[in-house]
Amino acid sequence: MDDKRVWEFEESLWRASEERYHERVDPDCVMALSRAPWLFTGDAAIEAVSHTPAWDEVAFSQQDVRRPQEGLIAIAYCVVASREGTRFAAACTSVYRRRGHDDWTVVQHTQIALDPQENA
């Protein structure tokens, strides 16, 4: 997956439907989120994000893509997302694993909430 597609994939998750999370968040995923209970794994990780309403606007900055080995992509970035007057900012990492040709899932995701006013 080239860099352009990596960022399209990540943005699609920020704008995702519940079904998309169930398709693209791996059952072996681990997550650290800025809310209790902070650490989520497996089905709990999928559920933790699957009920999140889709964001209308998503802007990435400080984007970095790493490919430590074939079939594994690690990314880091800051995001500012908004919907209906609500803004959310975070520093994030995600790791994707390739299951098959053009079939990628998220196996790790971290969000550290930031002040959205400082990251506009």
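No hydrogens, no waters, no symmetry mates; every other heavy atom, side chains included, goes into these values. Note that the coordinates shown come from a computational prediction; the quantities given were computed from them, not determined experimentally. For the single chain, residues carry numbers from 1 onward in sequence order.
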Check for me, please, whether [X] and [Y] land in the same ILVMFWY cluster - side-chain distances under 4.5 Å, paths through other members count.
X	Y	value
Y21	L39	no
V25	V30	no
I75	V107	no

Running the 4.5 Å side-chain criterion over Ile, Leu, Val, Met, Phe, Trp and Tyr, what cluster does I112 land in, apart from itself?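 Besides I112, the hydrophobic cluster comprises nothing; the residue is isolated.
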
Counterpart residues, side chain to side chain contact (heavy atoms under 4.5 Å, CB included), relative to [X] (two or more places apart):
X	result
T93	A76, Q108, T110
L72	P68, Q69, V95
D3	V65, R67
A113	S34, F88

Sort and list the pairs that fulfil ring-ring contact (aromatic ring centres under 6.0 Å, His included) and have at least one residue in residues 89-117, not counting sequence neighbours. F9-Y96

Partners passing side chain to side chain donor-acceptor pair (under 3.5 Å) against E11 (at least two apart in sequence or in another chain): R15

With sequence neighbours left out, write down each residue that passes side chain to side chain donor-acceptor pair (under 3.5 Å) with W55, or none if nothing qualifies.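 Applying side chain to side chain donor-acceptor pair (under 3.5 Å) to W55 gives none.
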
Between CG on residue D103 and CZ on residue R97, distance to nearest 0.5 Å: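 D103 atom CG to R97 atom CZ measures 10.0 Å (nearest 0.5 Å).
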
From SG (C92) to CE (M31), nearest 0.5 Å: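 One gets 10.5 Å once the value is rounded to the nearest 0.5 Å.
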
Please, which pairs that meet salt bridge (Lys or Arg N to Asp or Glu O under 4.0 Å) have at least one residue in residues 47-65, sequence neighbours excluded?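 Qualifying pairs: D64-R66.
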
Could you give all pairs that pass the salt bridge (Lys or Arg N to Asp or Glu O under 4.0 Å) test and reach residues 35-45, with sequence neighbours left out?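 Of all non-adjacent pairs touching residues 35-45, none passes salt bridge (Lys or Arg N to Asp or Glu O under 4.0 Å).
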
For D26 versus I46, what's the shortest heavy-atom pair and its separation?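 Scanning both residues completely, I find the closest heavy atoms to be O-CD1, 4.1 Å.
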
Show your reasoning for whether side chain to side chain contact (heavy atoms under 4.5 Å, CB included) applies to V58 and V79. CA-CA 7 Å; V58 177; V79 64; 3.8 Å; yes

Show me the pairs that pass side chain to side chain donor-acceptor pair (under 3.5 Å) and involve residues 76-85, at least two apart or across chains. E10-Y77, W14-Y77

With D102, which residues qualify under salt bridge (Lys or Arg N to Asp or Glu O under 4.0 Å), at least two apart? R5

Using a 4.5 Å cut-off on heavy atoms from C-beta on, say whether the side chain of R87 contacts that of V80. yes

